[in-house]
Amino acid sequence: MTPRTDISAAFESALKWWDDAGVDTPDIMMPAKPKLRREAAQLPAAQKPSKTSIASPPANMDTQAIAQSAPTLHALREAITNFGAGDLSANATQSVFCRGNAKADIMVIGEAPGAEEDRAGKPFVGQSGQLLDKIFASIGLGENDIYITNVINYRPLGSRKPSSEEIALFRPFITRHVQLAAPKFIVLVGGVSLEAMTGQKGIMKLRGQWQDIDLGDGQTIPALPVYHPAFLLRRPELKADMWRDMLSLKARMES
Ligand code: URA
């Protein structure tokens, strides 16, 4: 018979793999993830995720009004930093807003900061960020040619997948962020980004298929969903799909 520890390890590995890919595992499965439980068990009691950390944004929080009242990127950054996102902001070191060139034609939208991004205060600076940089470099794009951010601006405790409620809470902020940056093209990195910006789930099916993102202010921006680099680190054989997607982006930029 297979020992229980092997089953737990296999389950943990499968969940992490699905998460990285943006596969739509029900939120109810997330609190049971062994990794989260193990990380949480090592935390002091005051930092342990409470029951509300998964899906309980602060009551009556009108993020739409806060986001829309920001006239500049600087003001939006301040608004997000001062915004109390409940357990999400309480458990994070700091908010994580952007890196790269805010005037670039391409805006890259990821999921949420991980541990290294939480420490540095910048998105995609860890292992998956390094791969992301190499992916863009493969079509000749450096940090000055892209503007990088995330849907969620605070690291979810244990780097768990953000819940649909948290994605909905932050959607007005990322929508305003896109309105203010006004890129020509968007790259949606992973399933959370796809869901936040298009309302659609299923990154495995939709990667490589251009979408039109309606910002609700008359602007529509073409967006390309791609795999998350953390997923590619586990499935390097799928890098060919990413290469095809980068060629598609390059062709669109040159047309
Ligand atoms: N994964 C993301 O989606 N964003 C980051 O900033 C880091 C890892």
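Just follow the structure's listing: the first ligand is 1, and inside any ligand the first atom is 1. The residues of the chain are indexed from 1 along the displayed sequence.
Side-chain N/O atoms of Arg155 and Ser159 include a donor and acceptor closer than 3.5 Å. Gln68 and Gln179 share a side-chain donor-acceptor pair at under 3.5 Å.
Formation of a donor-acceptor pair under 3.5 Å by the Asp118 side chain with backbone atoms of Ala92 is not found in this model.
Distances from atom 5 (C) of ligand 1 to the heavy atoms of Ala230, Gly110, Ala112 put Ala112 nearest.
Given atom 1 (N) of ligand 1, the protein heavy atom at minimum distance is His228 NE2, 3.2 Å. Nearest protein heavy-atom neighbour of atom 4 (N) of ligand 1: Asn150 OD1, 2.8 Å. Shortest contact from atom 8 (C) of ligand 1 to any protein heavy atom: Ser128 OG, 3.7 Å.
Near Pro123, meaning under 4.0 Å from one of its heavy atoms, ligand 1 places the atoms 6 (O).
Only the side chain of Glu117 comes within 4.0 Å of ligand 1, counting heavy atoms alone; its backbone N, CA, C and O stay farther away.
Relative orientation of the Phe124 and His228 rings is tilted, given thresholds of 30° and 60° on the angle between their planes.
A salt bridge does not link Asp241 to Arg235: none of the charged side-chain nitrogens sits closer than 4.0 Å to a carboxylate oxygen.
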